[in-house]
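Following: one structure in structure tokens, then a few remarks.
Computation of the quantities below employed the complete heavy-atom set of this structure, encompassing side-chain atoms and omitting hydrogens, waters and symmetry-equivalent molecules. For the single chain, residues carry numbers from 1 onward in sequence order. Just so you know, ligand 1 is whichever comes first in the structure, and atom 1 is the first atom listed for that ligand.
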Amino acid sequence: MTDRDTRHQKAMQKLKAHVDERVAKATEQRGQLLVFTGNGKGKTTAAWGTVTRALGYGHRVGVVQFIKGMWECGERERLTDDPNLEVAIMATGFTWETQNREADTAACREVWREAQRLLADPDVFLVVLDEITYMLKFGYLDIDTVTRALANRPREQTVIITGRNAHRELLAMADTVTEMQEVRHGFNNGLEARRGIDY
Ligand code: ATP
Ligand code: MG
């Protein structure tokens, strides 16, 4: 073995010991609260990736989409035949298109009822609340209602929240928070959203 190989082997042994120690400490099994936020691309994509992962093990999954403007969605098209997947979509257009606070609030409350049902069902392994952060920001939903439903959910249930500007109380109660940081987005250089890539 060269010096370089020996050094590498030693470094890997050290790394393995470090990883093993951390893995040994992480033993708690329960549902989690994950928040995917930030201005960069990938929040909803990551949520659907996790939905696919859960469905892959035969778990029941509920996805609640809080902005119908994101209506077209290839993942949903692909996964919709799975009897373990349930999708609820807010029955209104883009909030900045409808410009009708009353109608938007009513539509939001309606789809929130579906979310509440999922959040109370111990047979549902994963619930995605896609773009719910905007509902809180616009005041269509109040934070206490949401945090209460999250806190009282079944112990084994995981919830993923997506959207920009996540409320600090959601960040505080989450097990895992990922902020997608925008380094660059093609949209700002004239690239139109692409079917099958951006939705
Ligand atoms: P995606 O659905 O691609 O994972 P996202 O959920 O992180 O994106 P949203 O804010 O929900 O981001 O954006 C919805 C749409 O806008 C998607 O078509 C997405 O590709 C696009 N998009 C995401 N981030 C940006 C950005 N920083 N600038 C412009 N468009 C974006
Ligand atoms: Mg999104």
Once you measure the plane-to-plane angle for His185 and Phe187, does it fall in the parallel (<30°), tilted (30-60°) or perpendicular (>60°) bin?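 His185 and Phe187: perpendicular rings.
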Show which atoms of ligand 1 fall inside a sub-4.0 Å distance from at least one heavy-atom site of [X].
X: Asp198; value: 3 (O), 17 (C), 18 (O), 20 (O)
X: Gly40; value: 7 (O)
X: Glu182; value: 26 (C), 27 (N)
X: Phe187; value: 29 (C)

Indicate, as side chain, backbone, both or neither, the part of [X] found under 4.0 angstrom from ligand 1 when only non-hydrogen atoms are considered.
X: Arg164; answer: side chain
X: Thr162; answer: neither
X: Tyr199; answer: neither
X: His185; answer: side chain

Asp175 vs Arg30 side-chain heavy atoms within contact, under 4.5 Å: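 With C-beta onward as the side chain, the pair touches.
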Looking at side-chain heavy atoms only, is the closest gap between Glu131 and Met90 below 4.5 Å?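 SC-SC contact between Glu131 and Met90 ruled out.
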Is there a nitrogen or oxygen of Asn188 sitting under 3.5 Å from a nitrogen or oxygen of ligand 1?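 There is no such contact.
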Polar contact flag for Ala193 and ligand 1 (N/O pairs, less than 3.5 Å):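 No; the residue has no nitrogen or oxygen that sits under 3.5 Å from a nitrogen or oxygen of the ligand.
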Mind checking whether the Mg ion (ligand 2) has an N, O or S of Thr45 under 2.8 Å?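 No N, O or S atom of Thr45 is closer than 2.8 Å to the Mg ion (ligand 2), so no.
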Salt bridge or not between Glu75 and Arg78? Use side-chain N to carboxylate O under 4.0 Å.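 Result for this pair is no, no salt bridge flagged.
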Is there a donor-acceptor pair under 3.5 Å between the side chain of Arg113 and the backbone N or O of Glu110?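 A pair under 3.5 Å: no.
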Going through the checks in order, is the side-chain contact (heavy atoms from CB on, under 4.5 Å) test met by Leu170 and Ile143? CA-CA 8 Å; Leu170 293 178; Ile143 183 71; 4.0 Å; yes
I need the [X] [atom1] to [Y] [atom2] distance, nearest 0.5 Å.
X: His167; Y: Asp142; atom1: NE2; atom2: CG; value: 9.5 Å
X: Thr6; Y: Met1; atom1: OG1; atom2: CE; value: 4.0 Å
X: Tyr140; Y: Phe66; atom1: OH; atom2: CZ; value: 13.0 Å

Selected option - heavy-atom contact closest to atom 11 (O) of ligand 1, from Glu131, Lys43, Glu75: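 It is Glu131 whose heavy atom sits nearest to atom 11 (O) of ligand 1.
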Shortest-distance N, O or S atom of Glu131 relative to the Mg ion (ligand 2):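 Going by distance to the Mg ion (ligand 2), the closest N, O or S atom in Glu131 is OE2.
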